[in-house]
Amino acid sequence: MEIDPFIFRLSIFILSIFIGYYVVWSVTPSLHTPLMSVTNAISSVIIVGAIIAALAGNSENIFDTANIFGFLAIILAAINIFGGFLVTQRMLAMYKKKKKGK
Amino acid sequence: MSANLLAIFYLISGVLFILALRGLSSPETSRKGNLFGIIGMLIAIGVTFLSIGNFSTGFLYLLVFLLIGGSIGAFIAFKIPMTAMPELVAGFHSLVGLAAVFVAISAFLNPEVFNLGSSGNIKIASLIEMSLGASIGAITFTGSIIAFLKLRGIMSGNPITFIGQHYLNLLLGLSIAALIFYLCKTQLESLFWLLIAISFLLGVLLIIPIGGADMPVVISMLNSYSGWAAAGIGFTLENTALIITGALVGSSGAILSYIMCKGMNRSFFSVILGGFGGTDQSSSAKGKEQKPVKSGNAEDAAFLMKNASTVIIVPGYGMAVAQAQHALREMVDTLKKNGIKVTYAIHPVAGRMPGHMNVLLAEANVPYDEVFELDEINNDFANADVAFVIGANDVTNPVAKTDPQSPIYGMPVLDVEKCKSILFVKRSLSPGYAGIDNELFYRDNTLMLFADAKKMTEDITKNL
């Protein structure tokens, strides 16, 4: 008897929720804002779906409806990826320790 | 590239995303964490390109669109002031939500591309997954737009409520479930569009009754939704990176919502049901008698602080509104030069989103090891000489511990009143976000400093 691949994906999903749970609780409260911006950025990995949607299919007609939605999604996700990672970087660069001897 | 190899690369980028979050456990490791996140994203995008392997004109368009989006994102990231972080995050959530909707639409219209069956005959499981992804994405999109407008001040922070609201929401929720069911049976395109339209509407209706004070919970909640939407799409596309990320983001947002709710002693459901925390709610409800307050000026404040040996700063969002963080840090620098020990006490809901106040202080060059969370510092107030409350209000109100009638009763507050003396910078005696009078104003050991936070702080520094 074969196991449906869906079950594998479900296992990954459930285990990842647990990983997320423990990892996020260990995030220091002072970094909760960067946490939100970085989760924002990584959830834009949805761009992989957008790329497939935009490019695959018949190559004669790049701009059929399904592809257009793909391209639009690429723009949205790209805003998020660049914006999310960069603003996180900008915030994290501000966190400094006390200078010694002060 | 073989499907197996592709899956392994997606797994790697999923793991890198986990490491990105793990890095945030301390500021030292956080920058490296962010780098892991970026690498994970590059891998995911890179292998997706390679897997298509069709370097036709479409590829060029793709790069163009990627660059357009990327430059907009980069521009925003560099320009945005830190005080506007909550709006920015809300705005970004809306984009994730909409992108999820678009990908789902595309998958529905062109299922062959994603190996989901053929148009009009999509696999039931895939159909359920993409419907859920699209629906949650749509709710995230419009909900975040409303949150954005409220935070930006374009829309009033007052809750918008009407009779039968919750029943209407329930009805819409049930109709979404019913639509998904019929969609699976009939595969009709019109049902899919209707599903998305209703979800858009539900997103708006879910967020409009929630008042300004509860916005930190809302942002966290929408963060969580955007994760579940991504996970839904991840199942549709059978993409491990997306499933892992969706689960991470979903649970992250849920935990942050929980922390925010606890910080305000509000149950998650009462936040969702809304109607709390309008800006001018009940401020004049009771004709309260005029109680005597002691007020002082910058000289008095400087005198008190000069003679103190420990000072605890309690900043709130009002400080950020007055743009007083830099002036504050200068004042603290002067105090420290005089050998006075200064620390900062941050309440979980001090800012407009989780951890917001920490970012604002970090921007003003306050070292993060001088900044403490409520649990870490609350016992120190009893031993401190001066508490300097600037722009905070409700989070210092002792009523939360003493008066079971008070709407904020049970909310964890900073024990500011235990300090020998309290300096309270505020423009007037008006109540805070929750609309309740702060008992602290009338204490014997409180000195009210009625002024703009920035101006007052600068004046104190001059007098030190």
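A note on names: the letters A, B, ... follow the listed sequences, proteins ahead of strands, and every chain is numbered from 1.
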Quick one: what part of B:Tyr258 sits under 4.5 Å from any heavy atom of chain A, side chain, backbone, both or neither? side chain
Is B:Ile105 in contact with chain A via its backbone, its side chain, both, or neither, using a 4.5 Å heavy-atom distance? side chain
Applying a strict 4.5 Å limit to non-hydrogen atoms, the region of B:Phe114 in contact with chain A is side chain
Under 4.5 Å to a heavy atom of chain B? For A:Val45 that would be both
Under a 4.5 Å heavy-atom cut-off, does chain B meet the side chain of A:Leu15, its backbone, both or neither? neither
Answer with side chain, backbone, both or neither: which region of B:Glu112 has an atom nearer than 4.5 Å to a non-hydrogen atom of chain A? neither
If we ignore hydrogens and angles and just use 3.5 Å, is the side chain of B:Ser257 paired with the main-chain N or O of B:Gly253 as donor and acceptor? yes
Where on B:Leu256 is there a heavy atom nearer than 4.5 Å to chain A: the side chain, the backbone, both, or neither? side chain
Given heavy-atom pairs under 4.5 angstrom as the criterion, report whether the side chain, backbone, both or neither of B:Tyr10 touches chain A. side chain
What part of B:Ser220 gets within 4.5 angstrom of chain A, counting heavy atoms only: side chain, backbone, both, or neither? both
Please identify each residue that fulfils ring pair (Phe, Tyr, Trp, His ring centres under 6.0 Å) with A:Phe13, with sequence neighbours left out. B:Phe235
What part of A:Ile81 gets closer than 4.5 Å to chain B, counting heavy atoms only: side chain, backbone, both or neither? side chain
With a 4.5 angstrom heavy-atom cut-off, could you sort out which part of B:Leu21 is near chain A: side chain, backbone, both or neither? both
Where on A:Ile51 is there a heavy atom nearer than 4.5 Å to chain B: the side chain, the backbone, both, or neither? both
Would you say the side chain of B:Ile219 lies within less than 4.5 Å of the side chain of B:His93, judging by non-hydrogen atoms? yes
Among all residues two or more places apart in sequence or in another chain, which pass the side-chain contact (heavy atoms from CB on, under 4.5 Å) test with B:Pro111? B:Leu116, B:Ser119, B:Ile122
Less than 4.5 Å to any heavy atom of chain A: does that hold for the side chain of B:Ile233, its backbone, both, or neither? side chain
Closest approach of B:Ser13 to B:Gly40 (non-hydrogen atoms, all atoms of both residues): CB-O, 3.0 Å
What is the ring orientation for A:Phe71 with B:Tyr61, classed by angle as parallel under 30°, tilted 30 to 60°, or perpendicular over 60°? perpendicular
Taking B:Ser252 for its side chain and B:Leu248 for its backbone only, find out whether a donor-acceptor pair lies under 3.5 Å. no
Contact leader toward chain B among A:Ile47, A:Thr88, A:Thr39, where contacts are heavy-atom pairs under 4.5 Å: A:Thr39
Any non-hydrogen side-chain atom of A:Leu31 less than 4.5 Å from a side-chain atom of A:Leu92? yes
